[in-house]
Asker: 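Could you have a look at this structure, given as structure tokens, before my questions?
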Amino acid sequence: MAIKFNRVDFKYKGDDKKGYLALSNISLSIQGEGEFITLIGETGSGKTTLVQHMNALLVANSGSVDIYGIKVEKQAVKKKKIRLNPIRKKVGLVFQFPEYQLFEETVLKDITFGPKNFGVPEAEAIETAQRVIRIVGLDESYLDRSPFNLSGGEKKRVSIAGILAMEPDILILDEPTSGLDPMGRNALLKVFYDIHEKLNKTVIIITHDMNTVYEYAKRVLVMRDSYLVYDGDPVDLFTTKNIENWNLDVPDILNLMHRMEQDLGITLTSRPRSAAALTNALEEVLR
Amino acid sequence: MRIIEIDNVSFHYKAGTPVLENVNLNVDKGEWITILGHNGSGKSTLSKLLVGLLRAKQGTIRVANVELSETTVYDIRKKIGIVFQNPDNQFVGVTVRDDIAFGLENLQVPRGEMIERIEQYAQKVDMADFLNKEPHNLSGGQKQRVAIAGILAMETDIIIFDEATSMLDPKGRNTILSMMKQLNDEGVTVINITHDMKESLYGDRIVVLKEGRILKDDTTKVVLADHKTLEKSSLEMLLPLRVLRALEAKKVDNEKVRSYLWQLSLTG
């Protein structure tokens, strides 16, 4: 297991003495390759806090998080017994508004900043930049451009390229598609899926979009009031659990299937998870 | 009755790179119009021009028969309010009460009336129990409701929602949408800027912006079925219509399914 949470509690210090409990008794394991996970739950349920424990940006108050064999614990971190660099290299985290964090004069400098910080020689860092800019769906001409003149979607892609340049095994993205137009969103989701599929990396996405969950995720985590209330298959989640209790919505595809079943008596033999698959399934029944 | 008249408006931040070009748009009182467009199409710039946060480089904007200018902008802001995308970026008050009061203080509303209006509109958005709370402890949906109360308290006739639901969780989004619906039923003119195709079903009319120009301005029904326009603008058809078109392409023809999907794509 690449990451293992063992009964983790985390509390933010508040204005009052009580503080604010953001994680309660979380135990879960994540593999270092081949996973495609979506993390969902209402605002304030602890999603961002959870992922910030995955690369030791935050440290549990009680319990522990094992990240690639390094046990991240409060005391050990305090006494600086733990080197965090190797963790940050293995687990890349893209914040919710990564575009605010671009700061160099050129895209190239922004992407090579991380690797050079980790001691990668300049020439090698540039080669990596040329490679990762294509992975995120931009061409090499972008490397010479200023990050500030790019569109929102392009800035997001550049920041993701910057994290990919560190060659992490696990890529975590906090609401990467919020605010993007439909095609921009679809294109970016395809980028994440390719990173997962072609490079065999583990991808974890925080989202409020149930369609993303249903169409892409192999595994879904649901947070509710600081607790992890579901860890499993997305189809099971939406078909067998009382998702309204967790303030989740029904994905469009599932909703359409249910309504056609109810109103037209059409029962499909499979459980399609994309518009194309749904069309094929309908074709089968209607022919 | 016309409440907004945008006549040949253009805007640029940098000469030579227009953000909006020759935009003409009229909005009637009580209408709900949806503005769709790709990222960078000029949607948010248009909303900032309407509330006088930016000034048009060319053309005129009239709100309730008053031409927007440096001298009229403060009067016009009494008629038109805006709720922004990020609920965290629009709070000025220490408490919810202060926050709703902010706009009223600017309008120099007398204290007694101010207290009344704050109570009244906090109740309307169902946040009366939160008046003494600090805004940053609220959820995203609650924050947007407070922002709406602040605008309503100024008794504006028009509210622009500039991607106001895009950062909210499903529950927060649904509360805000039903609130918008209620306000519109009561006569408030709603301009909803969004990327969510489903939200456009609430309104009668859709305006599609592309690269700073109006590409299409028609009824919701017509625009949602206009595959070419939507695709050109980085948008997509709603799922039932996408499935319907895909079935047609496969030459699967079932009248019952066809009319059902068609109906669904117009009602959600």
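In what follows, every chain begins at residue 1, and chains take the letters A, B, ... in the order their sequences are listed. Below, all heavy atoms of this structure are taken into account, side chains as well, without hydrogens, waters or symmetry copies.
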Asker: Under a 4.5 Å heavy-atom cut-off, does chain B meet the side chain of A:Glu244, its backbone, both or neither?
Answerer: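 No part of A:Glu244 comes within 4.5 Å of chain B.
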Asker: Under 4.5 Å from any heavy atom of chain B, what part of A:Ile40 do you find: side chain, backbone, both or neither?
Answerer: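 Neither part.
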Asker: For the candidates A:Asp209, A:Asp249, A:Asn186, which exhibits the highest count of non-hydrogen atom pairs separated by less than 4.5 Å from chain B?
Answerer: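 With the most close heavy-atom pairs to chain B, the winner is A:Asp249.
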Asker: Below 4.5 Å from any heavy atom of chain B, which atoms of A:Leu180 appear? Answer side chain, backbone, both or neither.
Answerer: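 Both backbone and side chain.
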Asker: Could you tell me whether the side chains of B:Gln85 and B:Ser166 share a donor-acceptor contact shorter than 3.5 Å?
Answerer: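 Judged by distance alone, the side chains do pair up.
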Asker: Which of the residues B:Ala246, B:Pro240, B:Ser234, B:Pro170 is involved in the greatest number of heavy-atom pairs with chain A at under 4.5 angstrom?
Answerer: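 Most pairs with chain A among the choices: B:Ser234.
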Asker: So which part of B:Leu168 gets closer than 4.5 Å to some heavy atom of chain A, the side chain, the backbone, both or neither?
Answerer: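 Contact with chain A involves the backbone of B:Leu168 alone.
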Asker: For the pair B:Lys198 and A:Asp252, find out whether any cationic side-chain nitrogen is under 4.0 Å from an anionic carboxylate oxygen.
Answerer: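 A salt bridge is present here (some side-chain N lies under 4.0 Å from a carboxylate O).
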Asker: Between B:Asp217 and B:Arg205, is the closest basic N to carboxylate O distance under 4.0 Å?
Answerer: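 Result for this pair is yes, salt bridge flagged.
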Asker: Count the heavy-atom pairs under 4.5 Å between each of B:Leu244, B:Val252, B:Leu230 and chain A, then report the option with the highest count.
Answerer: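 Result: the option with the highest number of such pairs is B:Val252.
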Asker: Is atom NZ of A:Lys155 surrounded by more than 12 heavy atoms (other residues, nucleotides or ligands) closer than 6.0 Å?
Answerer: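 Yes, the 6.0 Å shell around NZ holds more than 12 heavy atoms from other groups.
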Asker: Flag the pair B:Arg173 and B:Asp169 as a salt bridge only when some basic side-chain nitrogen lies within less than 4.0 angstrom of an acidic carboxylate oxygen.
Answerer: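 The answer is no: the pair does not qualify as a salt bridge.
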Asker: Would A:Arg273 and A:Glu215 pass as an ion pair if we require N to O under 4.0 Å?
Answerer: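 Salt bridge absent between A:Arg273 and A:Glu215.
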Asker: For the aromatic rings, using the six-membered ring if either is Trp, is the centroid distance between B:Tyr13 and B:Phe11 under 6.0 Å?
Answerer: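 Yes, the ring of B:Tyr13 comes within the 6.0 Å limit of the ring of B:Phe11, centre to centre.
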Asker: Side chain from CB out, backbone as N, CA, C, O: work out which of these in B:Asp196 comes under 4.5 Å of a heavy atom of chain A, or both, or neither.
Answerer: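 Contact with chain A involves no heavy atom of B:Asp196 at all.
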Asker: Examine whether an atom of A:Leu256 lies under 4.5 Å from a heavy atom of chain B, and if so say whether it belongs to the side chain, the backbone or both; otherwise answer neither.
Answerer: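 It is the side chain, since no backbone atom gets that close.
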Asker: Could you state the interatomic distance from CG (B:Asp226) to CG (B:Leu215), rounded to the nearest 0.5 Å?
Answerer: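 B:Asp226 atom CG to B:Leu215 atom CG measures 8.0 Å (nearest 0.5 Å).
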Asker: Based on non-hydrogen pairs under 4.5 Å, which of A:Leu264, A:Leu286, A:Leu248, A:Asn280 is most in contact with chain B?
Answerer: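 Counting heavy-atom pairs under 4.5 Å, the top option is A:Leu264.
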Asker: Between B:Asn254 and chain A, which part of the residue has a heavy atom less than 4.5 Å away: side chain, backbone, both or neither?
Answerer: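 Interface part for B:Asn254: side chain.
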Asker: Check each atom of A:Met210 against the heavy atoms of chain B and say whether the ones under 4.5 Å are side chain, backbone, both or neither.
Answerer: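 The answer is the side chain of A:Met210.
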